[in-house]
Amino acid sequence: MKIDILSLFPRMFQGVFDESIIKRAIDEEKISINIVNFRDYSKDPHNKVDDTPYGGGAGMVLTCQPIFDCVNDLKTPDSKVILLTPSGIPYKQEKVYELSKEKHLIIICGHYEGFDERIRTIVDEEISIGDYVLTGGEIASMILVDSVARVLPGVITEESHKEDSFNNNLLDYPTYTKPREYNGLEVPEVLLSGDHKKIEEYRRNEAIKKTKEIRPDLLGDD
Ligand code: ADE
């Protein structure tokens with residue numbers, strides 16, 4: 001999968017994509033990530049990318065020209081263009097799997113007070129990573145890329161993500177590792193039993209219990 005991220009702050013991505021599982025996925029050519037500074041596309045003599053809002057109001061608004069030209073330059077018939085904005089559709093695990101099937105994502109990170117409404121006309125999807133407002137789309141794009149990269153074939157084993165929280169509308173079951181007892185806290189006996197059927201049953205019941213308690217909305221119980 002190829003991903004182009006349009007951002008005015010390319011250095012923000014250093015570290016996040018240079019470590020751990022994402023780095024390995026890049027090194028093994030499962031994913032290629034390109035950070036594009038759309039300021040480079042500005043036709044303004046001072047490379048401006050924003051301006052004051054028509055009608056007045058606070059802050060600066062991203063202008064159409066640099067983003068339109070940048071997307072035009074990168075876009076192919078295989079591209080899906082995503083705009084990250086708090087007013088987008090809430091991002092869910094289902095969407096992670098859907099996006100992981102795409103060949104090429106172009107992700108636009110908004111910044112400042114917002115963007116010219118006409119930018120919406122060149123976008124396939126608008127996504128929000130949650131009901132809160134960030135200073136820009138950069139961190140949101142890292143979350144999107146991280147979540148998509150980990151479910152690409154061969155990045156982590158399918159077994160590692162098929163029982164993730166949110167698959168089957170359930171939160172993940174609790175897990176334990178050695179030692180059997182720590183500071184008086186015991187590992188549930190059933191996990192030491194070797195009885196796979198019982199273990200599976202225990203995990204499912206625990207997942208349901210946890211989901212009912214913390215996220216009843218996932219079960220349609222709220
Ligand atoms: N940019 C600012 N806040 C955001 C959010 N919650 N989701 C996506 N992009 C954003």
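All values reported here derive from a predicted model rather than from experimental measurement. Both counts, for ligands and for their atoms, begin at 1 and track the order of listing. Numbering of residues begins at 1 and proceeds along the displayed sequence.
Using a cut-off of 4.0 Å between Lys/Arg side-chain N and Asp/Glu carboxylate O, E94 and K92 are scored as not salt-bridged. The pair E126-R120 meets the salt-bridge criterion, since a charged nitrogen lies less than 4.0 angstrom from a carboxylate oxygen.
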One pair per line, please: each N/O atom of ligand 1 matched with every protein N/O atom under 3.5 Å away, atom names first, then the distance to 0.1 Å.
unit_1, atom_1, unit_2, atom_2, d
ligand 1, 3 (N), L134, N, 3.0
ligand 1, 6 (N), G130, O, 3.1
ligand 1, 6 (N), Y132, O, 2.8
ligand 1, 7 (N), I129, N, 3.0
ligand 1, 9 (N), T85, N, 3.3

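For the pair D73 and V36, the minimum side-chain heavy-atom distance is 4.5 Å or more.
Connectivity analysis of hydrophobic side chains (ILVMFWY, heavy atoms under 4.5 Å, direct or indirect) links V190 to Y176, V187, L191, L192, I199, Y202.
Shown here are the salt bridge (charged side-chain N to carboxylate O under 4.0 Å, His left out) partners of E125, two or more places apart in sequence or in another chain: K80, K95.
Applying the salt bridge (charged side-chain N to carboxylate O under 4.0 Å, His left out) test to pairs two or more places apart or on separate chains, those with a residue in residues 134-153 are R150-D164.
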